[in-house]
Amino acid sequence: MEGLTLSDAEQKYYSDLFSYCDIESTKKVVVNGRVLELFRAAQLPNDVVLQIMELCGATRLGYFGRSQFYIALKLVAVAQSGFPLRVESINTVKDLPLPRFVASKNEQESRHATSYSSDSENQGSYSGVIPPPPGRGQVKKGPGSHDAVQPRPSTDQQEPASPVVSPQQSPPTSPHTWRKHNRHPSGGSSERPLAGPGPFWSPFGDTQSGSSAGDAVWSGQSPPPPQENWVSFADTPPTSTLLTMHPASVQDQTTVRTVASATTANEIRRQSSSYDDPWKITDEQRQYYVNQFKTIQPDLNGFIPGSAAKEFFTKSKLPILELSHIWELSDFDKDGALTLDEFCAAFHLVVARKNGYDLPEKLPESLMPKLIDLEDSADVGDQPGEVGYSGSPAEAPPSKSPSMPSLNQTWPELNQSSEDTAIVHPVPIRMTPSKIHMQELELKRAGSDHTNPTSPLLVKTSDLSEENKINSSVKFPSGNTVADGYSSSDSFPSDPEQIGSNVTRQRSHSGTSPDNTAPPPPPPRPQPSHSRSSSLDMNRTFAVTTGQQQAGVVAHPPAVPPRPQPSQAPGPSVHRPVDADGLITHTSTSPQQIPEQPNFADFSQFEVFAASNVTEEQDSEADKHPEILPTEKASDPATSLRIAQADGKIEEKTAASVPANVSKGTTPLAPPPKPVRRRLKSEDELRPDVDEHTQKTGVLAAVLASQPSIPRSVGKDKKAIQASIRRNKETNTVLARLNSELQQQLKDVLEERISLEVQLEQLRPFSHL
Amino acid sequence: MAVCIAVIAKENYPLYIRSTPTENELKFHYMVHTSLDVVDEKISAMGKALVDQRELYLGLLYPTEDYKVYGYVTNSKVKFVMVVDSSNTALRDNEIRSMFRKLHNSYTDVMCNPFYNPGDRIQSRAFDNMVTSMMIQVC
């Protein structure tokens, strides 16, 4: 046997074929049957096959050794190229293309399996390609192979309708075979595979002029791109020879316009076979699609309206049902128009369908319209139409029209996690505006004020329902106002609401940290007070029993100059005394309720009086014990006030003040019984301190004792009476105020009590466990 | 949750009707057909007001012993009729509304398809899938 020189590609290819035929893994001899199949697949006349076999020596040897096999393959290539079979031709024929073997449907799988990026795979795929017996007689190889064309030569060329038929044929052969076809320039076949889309669109060629049935390209631009498609396909394996063939093949293509529609179908299939996944659009295809897009819509960023697209795709002669399905898949945002990406996807699907691919149920990832390059099949994932549906329910509740899905679906392109995280719907939380809580929240608010306003505001900028917007707007700004007064935005309803909303916001934020996406609760019901936002609400000053400084500033009734106790800190409210643990709170930490502040003021006045009057001790005590009743002779109201203050302070239960109180017993007490009664009441509720009780009584006694002293000074009766009248009036007002405050506190305490009882009852069943 | 879902065109011919196959489909077809009278009645009653004010969701059209029939009309007089099993008491009105909303959205998507001629039977696979998802919950 003469020496056989094979190129690298040939070597690889032949070895693959050999290994394919070597089913017995003998590595030396191939099975005759397989070889014969292979040769049949070469679509050579039988006599040629016999000749080849004779030439390679198989008939002589009776089997196909490796060398014989290789020689045979070479001869096959020679024969397919049209050269006469000569022994010498094995090595003399230069640039012989690889032998072609018709593949069958199995090649489709093999094609899918092969990745065009690796030579080895392709090489391997050769053997995979070949296997299926050629008996299928599928002549997909049409182009370039006269043999292949023979089965369906004329019919394909003449029937423009055949492309429609082609999808029913077996799926495209491997690209390798494609390439081999390409490399038969001299193969004598005048048919040259046209650009993929070109022949494919031949049926569309109704509108095309001049071109024959194969080259009908919609815009005549197809040939170059498909050529490039071929180039890309040809990347992979084989051979420089293959590439060198391209110029020739291009020429052929341009020259040979008459192409069997079967060939065009083959080309199309080849194209489709190149899809990696298999829906990837190659650059050339994409360029082609873009060009087609431009014919309809010059602006690449614009839309193709549905009607125009319908006409365009109707030319593909696909059934309307399938076109409808393709539309459903490709119109990603369901707007009835196609963007460039959508158009490319649709076009691609049409091409695929033409090639016999079944349409997918969902849009493949690589066809998803993305804002970035189409090749980049990254993020979107499988979100075909479902996105719209998932988005629309979120939108639907706010009474949006059914057209919302289109908007929703645009979001995934921009932000894949659109529906989940970016949009936070504020969930209104019903807050019971409880003054007790308000006080607590006032405390918290001071701390969390700065953190909360911005983040919830940002969160809220996304779609909010109306009420939520109102809630939020009321909330956040209100949160800022507490200390400032009423300086926040104009959207505030009123002070009480502000404060209330502050409170509620406080509560909400105490519950929801900034990273918590729950929206702040709506503002509590407006307090029953006036609605002026800028004026002081005297009701509120009494109602809100916060010890806040600002409240103290405004809370004082005009009659009493405010003198908030410095030691007074905002803190537990009236209900504290009800707590199990220490009700006794030192005045320094006790919540100075607003009602007491006037008292304080008075007490401070008392201090003055007291200092002027009787004991010094009062002064020392006065700060701590409002109630510590300064015993003043001259000031009935003062004493009464002090007693009243003491009543209020009883909740705080300062024991230390007791002795001092006793010492102050000289203050006249105008309405002694009232404070006493009230005090007793409050004491009862608030776990009166017995000592203070006695102190009070002592003080009262002192006050009572001091009272008679007033009328004694007849000389100063008028003045004294007038003064006393004045003082009494003041006392009255103060006491009235105090009364109301205490009533309020009583209500709060009762509320707390009820809640505690409820809790107790709830816990009681567990005690049985 | 529904045992039968139908889309009726303005001219009162069905564009799409599907029932759970376990049941006698003809019976459902008949129920849908009879419910059209109720739908028309409701439409005409509300029609005196502006069409815009007309509520799309019609609510329970009529209950039978085994089934309840709900209706929904679009502004283009396309009607959706849904037959629900009465034994499925867990279904609340809101859920029915949401189901109709989904139906309406899907129908809109079908209409957006330029290859769909209004008046044709609905053959959209996406629409089918959506309806299936609504009906599958019954089983």
Side-chain angles (χ1 to χ4, degrees), chain A residues 303-314 316 318-338 342-343 346 350 358-363 384-409, chain B residues 1 5 7 15-16 50-58 72-80 82 92-137:
Chain A
F303 292 92
I304 289 186
S307 51
K310 177 179 176 179
E311 289 175 25
F312 186 82
F313 287 114
T314 309
S316 70
L318 283 180
I320 292 289
L321 183 60
E322 297 191 4
L323 289 173
S324 173
H325 187 64
I326 288 174
W327 176 276
E328 272 181 12
L329 291 176
S330 58
D331 188 4
F332 196 67
D333 48 9
K334 300 276 186 283
D335 58 357
L338 295 182
E342 292 171 346
F343 177 83
V350 173
D358 287 329
L359 293 177
E361 290 299 318
K362 291 185 182 177
L363 193 64
E386 274 69 280
V387 170
Y389 295 121
S390 63
S392 55
E395 285 302 324
S399 69
K400 297 279 170 68
S401 70
S403 63
M404 280 310 293
S406 64
L407 294 180
N408 293 333
Q409 283 170 341
Chain B
M1 313 222 183
I5 290 176
V7 179
L15 295 176
Y16 180 89
L50 290 176
V51 178
D52 295 335
Q53 295 172 6
R54 183 161 56 82
E55 169 95 10
L56 300 181
Y57 174 69
L58 300 176
Y72 183 97
V73 185
T74 69
N75 284 326
S76 56
K77 298 287 177 25
V78 172
K79 308 160 186 80
F80 300 111
M82 187 187 315
R92 290 172 32 218
D93 195 57
N94 278 339
E95 295 173 16
I96 306 283
R97 280 180 193 265
S98 71
M99 287 163 74
F100 274 126
R101 207 174 293 123
K102 274 167 55 178
L103 264 177
H104 197 170
N105 289 338
S106 304
Y107 178 72
T108 313
D109 293 338
V110 168
M111 292 297 281
C112 283
N113 191 333
F115 296 102
Y116 171 76
N117 301 317
D120 290 350
R121 298 189 70 94
I122 295 177
Q123 285 160 316
S124 151
R125 290 188 220 172
F127 192 83
D128 277 343
N129 293 340
M130 195 274 310
V131 168
T132 310
S133 71
M134 279 169 49
M135 288 174 45
I136 274 183
Q137 297 166 25

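What's counted below: heavy atoms across the whole structure, side chains too, no hydrogens, waters or symmetry copies. Letters go in sequence order (proteins before strands), and every chain restarts at 1.
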| request: Compare every heavy atom of A:W327 with every heavy atom of B:P114, then report the nearest pair and how far apart it is. | output: CD-CE2, 2.8 Å

| field | Minimum heavy-atom distance between B:F115 and A:T314, given as atom pair plus value | value | CE2-OG1, 4.0 Å

| query | Out of curiosity, B:R125 CZ to A:L329 CG, how far, rounded to the nearest 0.5 Å? | reply | 7.5 Å

| message | Given heavy-atom pairs under 4.5 angstrom as the criterion, report whether the side chain, backbone, both or neither of B:S98 touches chain A. | response | neither

| task | Using side-chain hydrogen bond (donor to acceptor under 3.5 Å, both in side chains) as the criterion, list what pairs up with B:D120, not counting sequence neighbours. | result | B:N117

| query | What residues form a side chain to side chain contact (heavy atoms under 4.5 Å, CB included) with A:P305, not counting sequence neighbours? | reply | A:S307, A:A308

| request: Heavy-atom distances under 4.5 Å only: say whether B:N129 touches chain A with side chain, backbone, both or neither. | output: side chain

| said: What part of A:L321 gets within 4.5 angstrom of chain B, counting heavy atoms only: side chain, backbone, both, or neither? | reply: side chain

